[in-house]
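Atoms within each ligand, like the ligands themselves, are counted from 1 in listed order.
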Amino acid sequence: MDDPHVAPNVSRAEIAVAASAGVAGVSGSFAVAGRTPEFVVAPVSALVVGLAPGAVMTAAIRNLGDAGHLLALGVAAVLAVGVLAGIAFAGIRLGARSEVPYTSVAVGGVGSWLLAVVATGAPEQSLATAGPIAATLAVAERGWAVGRESRGARVSSSRRKVLGAVGSLVGFAGFAAYRGASITGVEPGPISTVTDDETHAEADRLLSRADDRSFDVADLSGLVTPTDEFYEVDIDNVNPNPSDDKWGLSVTGEVEQEVSVDFEELSGMEAVENRLVTLRCVGESLNGHKIDTAVWTGVPTSELLDEARPQGSDACCVLVRAVDGYYQEFPLSALEDSFLAFGMNGRRLPRGHGYPVRLLVPGHWGEINVKWIDEIEVLADEQKGYWEKRGWHGTGPVNTVAKLHAVNRLDSGSGERVQVAGHAYAGTRGIERVEVSTDGGESWDEATLSEPLPGDDVWRQWRYEWDAEPGEHEVVVRATDGEGDLQPRAFSQPYPSGATGWVSRTVEA
Ligand SMILES: Nc1nc2c(c(=O)[nH]1)N[C@H]1C(S)=C(S)[C@@H](COP(=O)(O)O)O[C@H]1N2
Ligand SMILES: [Mo]
């Protein structure tokens, strides 16, 4: 039965057992850890992301979103199965040469456990990787022992055993997928679990104010984005899952005094407040949807900076680091009005948006709004951040944009009344005016803007209606920011400095 293509004395059965052990190990790990950093595939995935060229990463994150993350995680899972199968195989081979019973089980079990501990740093959860591998090897070794004793046993009985083994493995993997999918990591409770009720009440007031001022337009999202619809951009396929008591933030580098806070100290500060802030990703397409707004609860970063006292002329900029290995560099001045948020829309930050604490830098592209923040290093010399090393220029203020997301036909008896609407955003410059053309840019009319919301970094909604002649109309939208600057007409792709141009769309009346 030996396969001529594999090394002498290595049987297909051994390879099949090793591969099964690998699948069982990854399954067991997922059943216990789910999509958290303790999942044995997570470090493999981080390695893959680290090695991937910037262009590939950018394309995957921009075009595939979470599907891209799942795809990459799938590739990493296959690699992890391979590595664990390798350990199991080493166990089987050593076992074949050893007189000591269950050598394969010991080698495969202990070896995979050690590797999982080194990779994830989680000794207990790593048992869920090693256990199923050891069990698979034990079943196989027992089967081989029995097989040797009763040579010539009927083939049908061994086929039945193989089918049974495959069935158990598939069943176990299915159970693991189901179990692991329900593990979400830290769950955000209401903000009042860490602040006083007044802070919570204030967040609720801002939420209802935003609700009141949002247009009632079909297909147009409100002025505040519900947390589970808020866009998300992550470099990793598995988000960190930190706990409050393990978290800490320090201000280091060119400062007179290094400062560190833990979560209790930060959330217990007098200065806790709520802010409405819009975020926009530099990688989003011109009329894309990677732009959203929330009510954030937190503390001005100046509370820590004032204590640390960056050293005057020596300090040009900051390098902000995060738990997931992400880092961004930008001018110290941008940090002045920034905010350390631990709440989002009246609840603790969800894991995907930076639990326990993230940075919000008013008016700047999303990428420097570092999630899972744990260090602010004040620098004397400029450096490149994570995305800047990959060619992006996304640490500065956002470009002005007017989106066109809703087109509705209003029933008005005679003729076609058409409504178009969207959001407009210019960071801290604010939006002064949005204009709409229904003839491809020949003539312009002013759109109605939503009432401004408190805060100096909040988008606005616009809407416009007209009686349209039957046929096609080229609708174009453009915004003017609070400094009186009309957004540039010239179109450019998001890479490397953010999309520019006027959004246009053909509307059928
Ligand atoms: N630690 C960390 N912070 C991060 C990122 C990340 O991958 N890791 N992505 C950045 C990017 S590119 C953007 S656009 C915003 C998105 O924030 P959100 O996912 O909460 O919408 O977070 C930024 N902060
Ligand atoms: Mo981004």
Side-chain angles (χ1 to χ4, degrees), residues 37 45-46 49-50 52 54 57-63 65-66 68-69 72 188 221 224-242 247 249 277-285 288-298 318-330 334 338-345 347-376 385-399 401 425 427 457 459 494-499:
S45 153
V49 168
M57 275 283 293
T58 298
I61 291 178
R62 277 206 46 218
N63 305 324
D66 200 48
H69 284 305
S221 59
V224 160
T225 315
T227 304
D228 57 352
E229 287 165 27
F230 201 104
Y231 88 90
E232 184 179 334
V233 178
D234 311 303
I235 54 163
D236 273 346
N237 303 311
V238 177
N239 287 331
N241 189 30
W247 180 84
L249 170 63
V277 176
T278 301
L279 279 187
R280 182 185 179 203
C281 183
V282 68
E284 73 150 2
S285 57
H289 287 270
K290 288 195 173 78
I291 177 168
D292 281 305
T293 302
V295 171
W296 309 88
T297 309
V318 287
L319 188 70
V320 180
R321 294 194 182 83
V323 175
D324 61 342
Y326 187 76
Y327 55 95
Q328 281 297 348
E329 191 260 17
F330 51 92
S338 72
F339 197 57
L340 293 162
F342 52 83
M344 184 177 185
N345 293 339
R347 299 183 71 75
R348 295 292 307 274
L349 275 185
R351 209 180 131 208
H353 294 292
Y355 188 104
V357 181
R358 80 171 303 162
L359 183 65
L360 293 173
V361 186
H364 286 249
W365 292 111
E367 70 172 59
I368 67 169
N369 293 252
V370 175
K371 306 190 272 190
W372 312 288
I373 183 174
D374 66 358
E375 187 184 349
I376 299 174
Y386 184 93
W387 285 116
E388 286 21 70
K389 282 202 176 151
R390 288 157 180 80
W392 288 88
H393 302 298
T395 62
V398 292
N399 299 342
V401 72
Y425 179 56
D457 184 25
W459 65 5
Y495 184 85
S497 312

Participant: Hey, is W365 touching ligand 1 through its side chain, its backbone, both or neither, going by heavy atoms under 4.0 Å?
Facilitator: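 Neither part.
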
Participant: Which residues pass the side chain to side chain contact (heavy atoms under 4.5 Å, CB included) test with R347, sequence neighbours left out?
Facilitator: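 Listed in chain order: P190.
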
Participant: What do you reckon, does R280 have a nitrogen or oxygen under 3.5 Å from a nitrogen or oxygen of ligand 1?
Facilitator: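 Such a contact does not occur with ligand 1.
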
Participant: Would you say R358 touches ligand 1, if touching means a heavy atom closer than 4.0 Å?
Facilitator: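 Yes, R358 has a heavy atom closer than 4.0 Å to ligand 1.
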
Participant: Measure I235 to ligand 1 on non-hydrogen atoms and call it side chain, backbone, both or neither using the 4.0 Å cut-off.
Facilitator: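 Both backbone and side chain of I235 come within 4.0 Å of ligand 1.
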
Participant: Once the angle between the rings of Y386 and Y327 is folded into 0 to 90°, is it parallel (under 30°), tilted (30 to 60°) or perpendicular (over 60°)?
Facilitator: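 Geometry flag for Y327 against Y386: perpendicular rings.
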
Participant: Evaluate W372 for polar contact with ligand 1, using N/O atom pairs at a separation under 3.5 Å.
Facilitator: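 No, since none of the N or O atoms of W372 sits under 3.5 Å from an N or O of ligand 1.
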
Participant: Taking atom CZ of R321 and atom OH of Y326, what is their separation to the nearest 0.5 Å?
Facilitator: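 Interatomic distance, R321 CZ to Y326 OH, rounded to 0.5 Å: 14.0 Å.
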
Participant: Is the contact between Y326 and ligand 1 made by the side chain, the backbone, both, or neither, using heavy atoms and a 4.0 Å cut-off?
Facilitator: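 The part of Y326 near ligand 1 is the side chain, not the backbone.
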
Participant: Does the separation of the ring centres of F330 and H364 fall below 6.0 angstrom?
Facilitator: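 Centroid separation for F330 and H364: 6.0 Å or greater.
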
Participant: Under the side-chain hydrogen bond (donor to acceptor under 3.5 Å, both in side chains) rule, collect the residues that match up with D457, sequence neighbours excluded.
Facilitator: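 By the side-chain hydrogen bond (donor to acceptor under 3.5 Å, both in side chains) rule, D457 matches Y425.
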
Participant: Mind checking whether W387 has an N or O less than 3.5 Å away from an N or O of ligand 1?
Facilitator: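 Not met; the criterion fails.
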
Participant: Below a 4.0 angstrom heavy-atom separation, can you tell me which part of C281, side chain or backbone, both or neither, approaches ligand 1?
Facilitator: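 For C281, backbone and side-chain atoms both sit under 4.0 Å from ligand 1.
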
Participant: Inspect the contact between K371 and D324 and indicate whether a charged nitrogen and a carboxylate oxygen are less than 4.0 angstrom apart.
Facilitator: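 The answer is no: the pair does not qualify as a salt bridge.
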
